[in-house]
Colleague: 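Dropping the structure in here first, questions after.
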Amino acid sequence: MNGKRLDRGLADLRRARSVLAAALAALVSAAPSYAADAAPRLRPNIVFVLLDDAGFSDLGSYGGEIATPTMDALAAQGVRFSNFHTAPTCEASRAMLHSGVDNHLAGMGALMPVIAESQKGQPGYEGYLSDRVHSLGALMRDGGYATYFAGKWNLGYGLERGPGARGWDRYLALEQTGADNFEAKVWAPFNTEAVWWQDGRRFHPPKDFFSSSAYADALMRYIDEGRSAGGGGKPFLAMLSLQAVHAPLQAPRADIERYAQRYQAGWDRIRAERYRRQVQMGLMPAGLTLPRVPAALGFPHLRADADWNRLGADEQRDMAQRMAVYAGMLDHADRQIGRLREHLRRIGELERTVFVVMSDNGADFTDVSRVNLPFRAWYRWHYPAGDGAMGGPGSFVHYGPYWAEVSNTPLAQIKGSPGEGGMRVPFILSLPPALKAGIADGSIAPAFAWVTDVLPTLLELAGIELPAASAERHRPSGKSLLPYLRGEAGRVHAADEAIGFESLGAQALFRGDWKLQRMGSPYDGQWRLFDLRDDPVESRDLSTARPELMQQMLAEVAAYDRANGVVMPEAGYDPIRQLLRNNWPVLLKQLWLLPAALLGVLALLGAWAWRRRRRRALARAISQPSTAEGQT
């Protein structure tokens with residue numbers, strides 16, 4: 001009897017085990033779907049390419065004739081923004097890009113070489129990336145990324161203000177706003193020397209140095225060394241912060257020669273061709289009248305007559321060659337981006353890499369080598385080849401206001417101004433297949449976007465939370481671009497959100513499709529209102545037609561000024577006079593041989609004149625007694 005009970009118990013146990021096994025099997029069979037939902041999403045590598053002073057139309061994918069196949073391929077595989085805006089100057093734009101907040105909150109309220117007297121020493125005008133803000137490098141590093149930086153930093157001097165202090169693991173950084181591209185030489189009399197730092201030590205460019213290729217080489221080396229050091233599974237953020245196409249315009253000779261004949265037709269013809277391609281691409285509406293740089297800006301190298309056909313044959317050749325140097329410099333930079341991209345393909349990282357390409361502001365029309373006599377003397381002294389070598393070592397070349405207009409096609413104004421030509425720039429986002437989420441290759445995004453939107457976008461791509469608000473640091477204020485690109489939102493910014501900007505009295509306020517702006521000195525300082533949807537070239541001032549909207553937006557400008565600690569320049573501020581006033585110490589340090597030589601020459605002339613007068617006086621003294629004797 002007991003044996004039968006035991007048998008039944010064992011049978012029950014076996015049935016229970018069978019049921020349990022079936023349940024476990026069912027659970028296991030369902031596990032893949034649960035695992036797929038819970039699996040960590042791809043944390044991509046991010047390569048960020050920051051061009052310097054490239055205009056809205058310079059890339060082939062934005063209508064340009066310059067060969068930029070790598071950046072164009074990224075645009076074809078990603079999305080181009082046609083309404084992306086930055087600050088119109090380098091420091092302010094980079095401060096907002098790295099911090100995600102307004103340039104005043106980030107410590108870059110003014111362009112330091114021309115900072116007004118009223119702004120010196122004021123909060124928000126420190127001239128370096130403020131300790132009160134977060135840094136893109138630190139946020140990405142703390143979120144598990146390797147961080148690599150190569151190129152122009154322009155966010156503070158010295159190691160304590162350099163990339164290593166703001167979260168970048170490896171770096172080769174030019175600390176200033178610019179430099180010669182072939183050698184360690186400053187580009188303007190704002191500093192006494194060009195300074196690079198590499199991983200905590202001074203870097204001295206070798207003889208075969210050229211900026212764009214050297215920076216690409218550095219990033220490839222950092223990536224490889226990071227992988228070999230056991231970080232192969234760790235994603236990276238690599239920023240290629242190029243000097244191209246900031247002055248001085250320089251490039252290897254072969255790159256310049258490719259464009260030797262391209263620009264003989266003149267700036268108006270090239271500009272019209274670019275605009276026609278933009279219309280065909282869907283970047284710009286048809287029927288726009290292309291604006292001119294206003295003569296009221298009054299800079300000495302602005303010609304009253306911009307007609308190419310009125311230039312002499314020699315001047316036409318000279319100006320065409322200047323643009324050829326610009327094109328060669330951008331062409332060469334594109335090839336370095338291509339080298340980096342091909343390197344990622346070879347090491348198996350390309351398919352998990354996001355590419356971002358943008359310019360820090362619009363094209364620059366100001367040739368500082370022609371601003372005034374002291375500056376002209378400095379450039380003759382420091383760039384003895386002048387423009388005779390056209391883009392080679394020892395030459396300083398700039399392409400001037402009307403080629404800058406071509407770069408900014410079809411937009412009004414230039415770098416440094418609150419016009420669209422200073423603030424609207426190319427922006428390309430190219431995502432790997434796993435992250436595209438329905439974003440069509442080659443698409444164009446027409447929504448307004450702002451430079452502070454970049455940091456939250458990169459953090460979202462990396463799966464890193466935005467930092468929380470705190471009393472110590474300003475929280476990034478931009479919006480991620482991804483919800484808009486995925487179709488989850490109709491805009492990046494709400495139609496009633498006011499976004500302001502100010503630097504040296506030049507101001508802009510965006511709200512939806514509307515823009516309120518005024519130029520700083522030496523322009524008239526009048527507020528103007530534009531509808532950018534119908535008038536992206538800012539040709540029709542609607543301030544009198546929409547007085548209520550005008551007053552509402554002026555009130556929002558005042559609120560922006562208060563919230564961000566804006567300090568306006570003093571009455572009578574003039575940027576050219578201030579440029580000389582702020583930089584006299586540097587000019588004197590670097591030109592001391594010239595005044596010393598001049599004083600020496602004057603001393604010799606004075607000694608010669610004194611000796612000559614003395615001889616004459618002595619001769620007269622000798623001759624007078626003999627005359628008297630003759631009379632006697």
Colleague: Any salt bridge between Arg345 and Glu342, counting N to O under 4.0 Å?
Modeller: yes
Colleague: Looking only at heavy atoms, which two atoms of Ala469 and Arg475 are closest? And how far apart?
Modeller: N-CD, 3.5 Å
Colleague: Under a 4.5 Å cut-off applied to non-hydrogen side-chain atoms, are Val47 and Leu344 in contact?
Modeller: yes
Colleague: Under a 4.5 Å cut-off applied to non-hydrogen side-chain atoms, are His85 and Val451 in contact?
Modeller: no
Colleague: Run the side chain to side chain contact (heavy atoms under 4.5 Å, CB included) check on Phe355 and Met71 step by step: do they pass?
Modeller: CA-CA 9 Å; Phe355 276 83; Met71 290 183 276; over 6 Å; no
Colleague: Heavy atoms only: give me the nearest Val101-Pro476 pair and the separation to one decimal.
Modeller: CG1-CA, 3.9 Å
Colleague: Using only atom types and a distance under 3.5 Å, with no angle test, would you say the side chain of Glu351 pairs donor to acceptor with the backbone of Thr353?
Modeller: no
Colleague: Less than 3.5 Å apart, any donor N or O on the side chain of Asp360 or His246 sitting next to an acceptor on the other?
Modeller: no
Colleague: Output, in order, the C-alpha distance, side-chain angles, deciding distance and verdict of side chain to side chain contact (heavy atoms under 4.5 Å, CB included) for Leu155 and His98.
Modeller: CA-CA 9 Å; Leu155 292 171; His98 282 263; 3.5 Å; yes
Colleague: For Arg132, is there an ion pair with Glu472 - N to carboxylate O distance below 4.0 angstrom?
Modeller: no
Colleague: Can you see which heavy atom on Ala247 is nearest to which on His398, and at what distance?
Modeller: CB-CD2, 3.9 Å
Colleague: Give a yes or no on whether the backbone of Ala95 and the side-chain of Ser99 come within a donor-acceptor separation of less than 3.5 Å.
Modeller: yes
Colleague: What distance separates Asn361 CG from Asp52 CG, expressed to the nearest 0.5 Å?
Modeller: 6.5 Å
Colleague: Measure across Ala363 and Asn408 and return the closest heavy-atom pair with its distance rounded to 0.1 Å.
Modeller: N-OD1, 3.0 Å
Colleague: Quick one: are Gln243 and Gln250 in side-chain contact, heavy atoms under 4.5 Å?
Modeller: no
Colleague: Could you tell me whether a side-chain N or O of Asn583 sits under 3.5 Å from a main-chain N or O of Val586, the two making a donor and an acceptor?
Modeller: no
Colleague: For Phe427, run the ring-ring contact (aromatic ring centres under 6.0 Å, His included) check against Phe81, Phe48, Phe56, Tyr62 and tell me which one passes.
Modeller: Phe81
Colleague: Could you check whether any side-chain N or O of Ser477 sits under 3.5 Å from a backbone N or O of Gly100, counting only pairs where one atom can act as donor and the other as acceptor?
Modeller: yes
Colleague: Going by distance alone, is a donor N or O of one side chain under 3.5 Å from an acceptor N or O of the other, for Asn45 and Glu349?
Modeller: yes
Colleague: Taking side chain as C-beta onward, heavy atoms only, is Tyr145 less than 4.5 Å from Ile464?
Modeller: yes
Colleague: How about CD on Glu193, more than 12 heavy atoms from neighbouring residues, nucleotides or ligands closer than 6.0 Å, or not?
Modeller: yes
Colleague: What I'd like to find out is whether the side chain of Arg170 reaches to under 4.5 Å of the side chain of Thr147, using heavy atoms alone.
Modeller: no
Colleague: Can you confirm whether the side chains of His343 and Arg346 place a donor and an acceptor under 3.5 Å from each other?
Modeller: yes
Colleague: With a 4.5 Å cut-off on side-chain heavy atoms, are Leu283 and Ile444 touching?
Modeller: yes
Colleague: With under 30° as parallel and over 60° as perpendicular, where do the rings of Tyr263 and Tyr259 fit, or are they tilted in between?
Modeller: parallel
Colleague: Determine, for Arg473 against Asp131, whether the closest basic-nitrogen to carboxylate-oxygen distance falls under 4.0 angstrom.
Modeller: no
Colleague: Any sub-3.5 Å donor-acceptor pair from Asn582's side-chain atoms to Pro113's backbone N or O?
Modeller: yes
Colleague: Please assess Trp153 against Arg166 for the test side chain to side chain contact (heavy atoms under 4.5 Å, CB included), listing each intermediate value before the final yes or no.
Modeller: CA-CA 11 Å; Trp153 177 241; Arg166 302 314 300 257; 4.1 Å; yes
Colleague: Evaluate the criterion side chain to side chain contact (heavy atoms under 4.5 Å, CB included) for residue pair Phe375 and Ser369; output intermediate values, then yes/no.
Modeller: CA-CA 6 Å; Phe375 272 58; Ser369 69; over 6 Å; no
Colleague: Is it the case that the side chain of Asp72 and the backbone of Ser61 share a donor-acceptor pair, with hydrogens and angles ignored and the cut-off at 3.5 Å?
Modeller: yes
Colleague: Which distance, rounded to the nearest 0.5 Å, do you find between the CD of Glu420 and the CD1 of Ile414?
Modeller: 13.0 Å
Colleague: Check the pair Tyr222, Asp169 against side-chain hydrogen bond (donor to acceptor under 3.5 Å, both in side chains), reporting the backbone distance first and the verdict last.
Modeller: CA-CA 9 Å; Tyr222 297 156; Asp169 297 325; over 6 Å; no
Colleague: Decide whether Ser407 and Asp58 meet the rule of one side-chain donor and one side-chain acceptor closer than 3.5 Å.
Modeller: yes
Colleague: Quiz question: by atom type and distance under 3.5 Å, do the side chains of Trp197 and Glu175 form a donor-acceptor pair?
Modeller: yes
Colleague: Nearest 0.5 Å, what's the CG-CZ distance between Asn83 and Arg80?
Modeller: 14.5 Å
Colleague: Give a yes or no on whether the backbone of Ala327 and the side-chain of Asp331 come within a donor-acceptor separation of less than 3.5 Å.
Modeller: no
Colleague: Between Asn154 and Gln176, do the side chains contain an N or O donor and an N or O acceptor separated by less than 3.5 Å?
Modeller: no
Colleague: Considering non-hydrogen atoms only, spot the tightest contact between Ser503 and Leu111 and give its length.
Modeller: OG-N, 4.0 Å
Colleague: How far does CG of Asp255 sit from CD1 of Ile66, to the nearest 0.5 angstrom?
Modeller: 12.0 Å
Colleague: Can you tell me how far the NE2 atom of His332 sits from the CD1 atom of Ile256, to the nearest 0.5 Å?
Modeller: 10.5 Å
Colleague: Honestly, is Lys185 close enough over Phe396, meaning NZ or CZ under 6.0 Å from the six-membered ring centre and within 45° of the axis?
Modeller: no
Colleague: Is there a side-chain contact between Val325 and Tyr399 in this structure, where contact means two heavy atoms from C-beta onward sitting under 4.5 Å apart?
Modeller: no
Colleague: Could you tell me whether a side-chain N or O of Asn103 sits under 3.5 Å from a main-chain N or O of Met108, the two making a donor and an acceptor?
Modeller: yes
Colleague: Would you say the side chains of Asp102 and His474 form a donor-acceptor pair under 3.5 Å?
Modeller: no
Colleague: Mind checking whether Phe448 and Trp450 have parallel, tilted or perpendicular rings, split at 30° and 60°?
Modeller: parallel
Colleague: Is there side-chain contact between Leu455 and Met96, with heavy atoms separated by less than 4.5 Å?
Modeller: no
Colleague: From the options Trp168, Tyr171, Trp196, select the one residue that forms a ring-ring contact (aromatic ring centres under 6.0 Å, His included) with Phe149.
Modeller: Trp168
Colleague: Please check if any side-chain donor atom of Thr68 sits under 3.5 Å from a side-chain acceptor atom of Asp334, or the reverse.
Modeller: no
Colleague: With rounding to the nearest 0.5 angstrom, report the CE to CD distance, Met112 to Glu91.
Modeller: 8.0 Å
Colleague: Using a strict 4.0 Å threshold on nitrogen-to-oxygen distance, state whether Arg486 and Glu460 make a salt bridge.
Modeller: yes
Colleague: Quick one: side chains of residues 200-213, donor-acceptor pairs under 3.5 Å with protein atoms, not counting sequence neighbours, listed by atom name and distance.
Modeller:
residue: Ser211; atom: OG; partner: Asn181; partner atom: OD1; Å: 2.7
residue: Ser213; atom: OG; partner: Phe210; partner atom: O; Å: 3.1

Colleague: Is the side chain of Arg424 donor-acceptor paired with the backbone N or O of Ser82 at a distance under 3.5 Å, no angle test?
Modeller: yes
Colleague: Minimum heavy-atom separation for Cys90 and Lys152, please, with both atom names.
Modeller: SG-NZ, 3.4 Å
Colleague: Tell me whether Gln278 contacts the main-chain N or O of Thr409 through its side chain, where contact means a donor paired with an acceptor under 3.5 Å.
Modeller: yes
Colleague: Could you tell me which residues satisfy side-chain hydrogen bond (donor to acceptor under 3.5 Å, both in side chains) with Thr457, sequence neighbours excluded, listed by chain and number?
Modeller: none
